[in-house]
Structures are given as structure tokens and as C-alpha cells.
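These notes are about the structure you will find just below.
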Amino acid sequence: MPRSEPIKAVRGMRDILPRERAIWRVAEKAAADVARSFGYAEIVTPVIEHAELIERVGEDTDAVAKELYRFDDRGGRHLALRPEATAGVVRAYFEGHLNQEPPPARLFLIGPMFRYNRPQKGRYRQFFQLDVEAIGSDSPALDAEVIEIAATWLHELGLRELRLELNTIGDSKCRPAYLELLRAYYRPLQDQLHGDCQRRLETNPLLLLDCKVPQCQPFKVDAPRITDHLCEECTVAWAAVRRLLDASGIEYRLDPYLVRGLDYYTRTVFEIYPANGEGAQDALGGGGRYDGLAEAEGWPPTPGVGFAGGLDRVTELVKAGGAEVIAAPAAEVVVLADAGLDVAAADVARICRTVRSVAVDYESKSLKAKMRSANKLGARWVLLLSAAEVERRVVQLKEMASGEQVEVGWADLPSHLA
RNA sequence: GUGGCUAUAGCUCAGCAUGGCAGAGCACCAGAUUGUGGAUCUGGCUGUCGAGGGUUCAAAUCCCUCUAGCCACCCCA
């Protein structure tokens, strides 16, 4: 019989198998617990959004320009798989009338994001993020709060050796003038910049500071710094964020070259890395303030600040840190019945299920083989069932760890397993 | 998107320079042990050698294309 190639997972997509799922559950639970402890409520938004929502919000960023999953549906709508969560959460904030509630709306979301880039370890086309957003307030205290949530989450997971990079990129009041200064500084040097940077000089000069191409590095040192050209409000906010972080004991490093690829960010920007990680795909999270986003989406101007952390990388790091997350056995009790006793086995399992997770071994194998399987699965007890025992409504209850075995009536099983 | 490395049993890999019967360990199955797991011993099963094409009497081995994984760049989570 001709066999065709088995169908494999799509490039860049991966399965989280049961044994890995345990560590993910720990990371997700810590995320939800920490977010809730700061008064953040969970929200779920669609994976699919109008392409325009995504595109309006970050035209010149790689995530949108080169890595967006775009497609048209059967109705001819131009759609996209979300590459990040903020745009959708802000949309939901207005559509769900959360702007009618006392500001700020404190929200968190855990879910998959999609970017069409070249897969590598720690970089997948579908990846999972914890997203935390505080929408409706321009208080710099919320910038610090969001950072504290991020730091607390990672700390809870045992990740202590971290580096928090912090910067401000001004706002619509002071940034335009600064960008002109930056352009004026770089224009005479244009020929010496690499291709992308030459183009960005006019479209998005802030990205010049973030460039890592060697030939562009020498010019950064003398480039004008935004922190020297902030407006009054931004100066005050910048000082407040740092004061609050200092008070909370969170260490950070000022990085004048840290900018965000997305256009809607204002003022605070930050990224979190493992302290000693020299690898490339190692950013654990990042975020910042996006006071221009709501307006870019066509909603009333509304400030906001948020954080996105990568679950894939965080779980990887927790694992690498040697944290033992032992997956609980799929079933605590396994029923091993002789052939033809499936109905009785299911009955017994049903009784036990009131107090323990129970699986029945329906395979036609020797008892020895079934014992081996139960042992491998990590079962705490096995129940042995023969025709004669079914007749008498009893089972042999064996505790695996001690090897002790007793005969128990079916009705008494729950109390023996409690 | 650019450059490089890799792909052989369910898993980890050897075999490939110099073409000549498809291998090992682990896992799995069975027995040693007459319904009873873990340790040990014995035996057994398992393959389109990633896919497609080319060279050759002969290809896992040499050549080309594709696909996928990994590494660096890039980007970021």
C-alpha cells in the first residue's frame, strides 16, 4: 500500500506536550496571580483582527511591515493574525465600553501572537505572551506599576538575574522637535549609514539609535539625546517613573538608545533580559507607554501603558534554571481488569472518580505488562479485577509505593483512596 | 529576509572522505517469575536512510532542487 508523507506541524508552529505543559501552567498561574494581585482583570480578545488595525499602528516596524500574517476571508475582509496584543486590547477597551468605568482599566491577557519570521530556538511564528495594560490614565505611577508587575512575575518564577533597561522617548509635544535635531545631526552622515538607516533617517529616525549594524555605531555617541530635549510634562513624568522604581527596589539601567519599534509608544519604554544571556533571542519582555495609540485606531485620544512578556522564553529559562516541575500523573488510580470485564472496570472507575483521577487499562496485554504501564504512568494505586472479584463486588487495591495490597469492597473504595 | 550546519528505527545517534546485504544503545513486546510494577538476565519487533530528481552495473553514501530543524545575522517576545 502506498504511503504518503505524514503531515507535520506548520513551520514555526509547535506543540506544547503534556510534560511541558506543567511548567507552562506554573508560568501562567503566576502571571494571572500577580496581575490579579495588582487589581488587573483578565480579558480575551480575538486572534484575528482587521489588518488595518495592526497596520495603522506600526507601519515601519518589522513586526508589521515584514512579519504580519495577512489574509482575506471569504467575505473579502482584509484580516491579520495579531502580532502583539495591545492594539486589540485597546480596541476592546472602547468597544466594550470599559472607558465608561473609572480609569484606568487594568487588564491582562494571555494568548498566542503570530509573526512570520524565520524560526529559531526561542523564536516561533506562534508564540505566547502575557500582556498587561493600564488604559485611560497618563499617571507615571502606572508606568512603574506595570514594570513592577513584570518584575514580580519573573521573580515569582525564580528568575532573579535580570536586566531591566529603561528609557523615555518623549511625546507628541517634544518628540517632533527632537526628531528634527536627530535628522539634522545624521543628515551629513547619511552616506555612511547602512541601507535601512538611510531610509529611516526620514521616515523613523528614532530607529537609528537602535541600529546594531557596526558601521552605524560610531555616530551614536554624539547624537542628541531625547532626555536633554524633553518637554516639561515628559520631564516630570520621567522623574516620577524613576522615583517610583527606586522606591520599589527594582533595579534598572538607563539606556539612551532604547527605543521601541512601534510608532505609538510615548515616554517610558523598557525591555527585560536575562542578566547573563548573551544569546540573541533572549528578550523576556518589554513595554511602554502608548498615549497615541487609541487615536491612531480612530478612537478618542486616550493614554495607556503596558507590558508584554514571552511565555515561550520564560518557560525555557525556568527549565534551564533547573527548576523541577514534576508533571502530576495523568491518573492517580489505574484499573486493571481481566479480559471481558470492561463494563465492571468502568463501573469501578466511576466509583473511584469521586475522589481520585482514574484511568482504565483496556489493552489486551498480560497483567504484568499492565502493571508495568501503570508504574510508568506514575499511578499511586492500581485496582485488580478478576471475574470472581466482580462476582463478589470487591477489588484488590494495591498501593504502588509500598507494594501493599488489600481486598476492598467497591462501595468502600472512596474512603480507602481519600 | 541573508549566510552556515544538519536530516538514517518511536528516541539519541554510528555508517557517508574511498558507492557494494541497514547498524548500536535506549524505548517497546515477550519470557525467566502459572493473574502482580520498579533491578537483572534472555529473546523478539521496528526502516520509502526527510521528499523529489540526476550520475552509476550498483546510491544512506556523489550531484541538483525542495521541505523541515538548529546556529549566527536581523528582529524582537
Side-chain angles (χ1 to χ4, degrees), chain A residues 1-14 27 58 60-68 82-86 110-131 150 154 194-197 207 210-214 258-262 269 271-274 277-287 307-317 334 336-339 341 361 363-389 396-405:
Chain A
M1 200 164 103
R3 242 177 56 205
S4 57
E5 258 303 274
I7 298 167
K8 306 272 197 57
V10 173
R11 181 159 152 96
M13 311 287 160
R14 61 168 186 161
D60 194 46
T61 64
D62 281 2
V64 169
K66 299 192 245 171
E67 301 173 358
L68 193 63
R82 63 183 181 195
E84 50 89 39
T86 308
I110 295 172
M113 308 296 156
F114 302 84
R115 291 185 199 176
Y116 192 91
N117 49 21
R118 188 136 161 191
Q120 226 172 295
K121 197 180 194 67
R123 184 168 73 180
Y124 308 98
R125 289 180 174 178
Q126 173 178 271
F127 57 98
F128 289 79
Q129 284 190 337
L130 160 65
D131 189 69
L154 297 169
H194 90 286
D196 278 353
C197 278
L207 291 178
D210 189 44
C211 180
K212 276 128 197 148
V213 175
L258 176 63
V259 302
R260 288 247 106 190
L262 300 172
V269 293
E271 287 180 0
I272 301 175
Y273 296 88
E278 292 303 316
Q281 279 72 48
D282 63 349
L284 297 175
F307 158 78
L311 274 296
D312 300 79
R313 292 177 186 176
V314 166
T315 52
E316 190 61 40
L317 206 58
V334 176
L336 313 181
D338 288 346
L341 302 179
D361 189 339
E363 302 308 305
S364 44
K365 300 189 293 192
S366 69
L367 180 63
K368 178 207 263 296
K370 289 182 182 181
M371 284 295 297
R372 244 201 299 268
S373 303
N375 183 52
K376 283 239 167 72
L377 292 175
R380 290 177 60 186
W381 297 276
V382 294
L383 304 182
L384 306 179
L385 207 53
S386 68
E389 284 154 351
Q396 301 299 323
L397 168 64
K398 175 162 181 167
E399 187 184 9
M400 295 298 270
S402 64
E404 282 168 28
Q405 182 169 318

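Keep in mind it's a predicted model, so treat the numbers as computed, not measured. Throughout, a chain's letter reflects where its sequence line sits, starting with A, and its residues are numbered from 1.
- Remark: P of B:A30 and CZ of A:Arg372 are 6 Å apart, rounded to the nearest angstrom.
- Counting only heavy atoms from C-beta on, A:Asp210 has its side chain closest to B:C76 among B:A72, B:C76, B:U36.
- Using a 4.0 Å heavy-atom criterion, one finds that A:Ala379 contacts no nucleic acid atom at all.
- Here the P atom of nucleotide B:C73 and the CZ atom of A:Arg118 are 13 Å apart, to the nearest Å.
- A:Lys370 comes within 4.0 angstrom of no nucleic acid atom, judged by non-hydrogen atoms across all strands.
- Nucleotide B:G47 forms a pair with no other nucleotide shown, judged by Watson-Crick or G-U wobble geometry with both contacts under 3.5 Å.
- What separates CG of A:Leu68 from P of B:G1 is a distance of 15 Å, to the nearest Å.
- Using a 4.0 Å heavy-atom criterion, one finds that A:Gly309 contacts no nucleic acid atom at all.
- Among the protein residues, A:Tyr124 comes within range of the nucleic acid bases, having at least one heavy atom under 4.0 Å from a base atom.
- With B:C73, B:C76, B:G69 as the candidates, the nucleotide lying closest to the side chain of A:Pro119 is B:G69.
- At a threshold of 4.0 angstrom between heavy atoms, the contacts of A:Glu389 include nucleobase atoms, whether or not backbone atoms are also involved.
- Look at CD on A:Gln396: it is 13 Å from P on B:G35, rounded to the nearest Å.
- Under the Watson-Crick or G-U wobble criterion, with both distances below 3.5 Å, B:C74 has no partner in any strand shown.
- Distance from the side chain of A:Ala283 is smallest to B:C76 among B:G37, B:C73, B:C76.
- Residue-level contact check: A:Arg11 touches the backbone only, with heavy atoms under 4.0 Å from sugar-phosphate atoms and none from bases.
- Atom NZ in A:Lys121 sits about 16 Å away from atom C1' in B:C5, given to the nearest Å.
- Base pairing annotation: B:C5 forms a Watson-Crick or G-U wobble pair with B:G69, both donor-acceptor distances under 3.5 Å.
- Side-chain N/O atoms of A:Glu84 and A:Gln129 include no donor and acceptor closer than 3.5 Å.
- Nucleotides B:C62 and B:U6 place their P atoms 11 Å apart, quoted to the nearest Å.
- Within 4.0 Å of A:Gly378, counting heavy atoms only, lies no atom of the nucleic acid at all.
- Across all strands shown, B:A58 remains unpaired; no Watson-Crick or G-U wobble contact has both distances below 3.5 Å.
- Looking at A:Arg115, its side chain has no donor and acceptor atom pair within 3.5 Å of the base of B:C76.
- Note on A:Leu385: a base of the nucleic acid sits closer than 4.0 angstrom, heavy atoms only.
- Residue contacts shown for A:Asp131 are absent, as no nucleic acid heavy atom lies under 4.0 Å away.
- The CD atom of A:Gln129 sits 7 Å away from the P atom of B:A77 (whole-angstrom rounding).
- Listed nucleotides B:C76, B:A77, B:U36 differ in distance to A:Tyr273; the shortest reach to its side chain belongs to B:C76.
- Across all strands shown, B:G38 remains unpaired; no Watson-Crick or G-U wobble contact has both distances below 3.5 Å.
- Relative to the side chain of A:Glu271, the nucleotides B:A72, B:A77, B:G31 differ in distance, and B:A77 lies closest.
- Under the Watson-Crick or G-U wobble criterion, with both distances below 3.5 Å, B:U18 is left unpaired in every strand shown.
- Residue-level contact check: A:Asn117 touches the bases, meaning some heavy atom is under 4.0 Å from a base atom.
- A:Leu384 comes within contact range of at least one nucleobase, with a heavy-atom separation under 4.0 Å.
- Listed nucleotides: B:C28, B:G1, B:G37. Nearest to the side chain of A:Arg123: B:G1.
- With a cut-off of 3.5 Å on both Watson-Crick or G-U wobble distances, the partner of B:C11 is given as B:G25.
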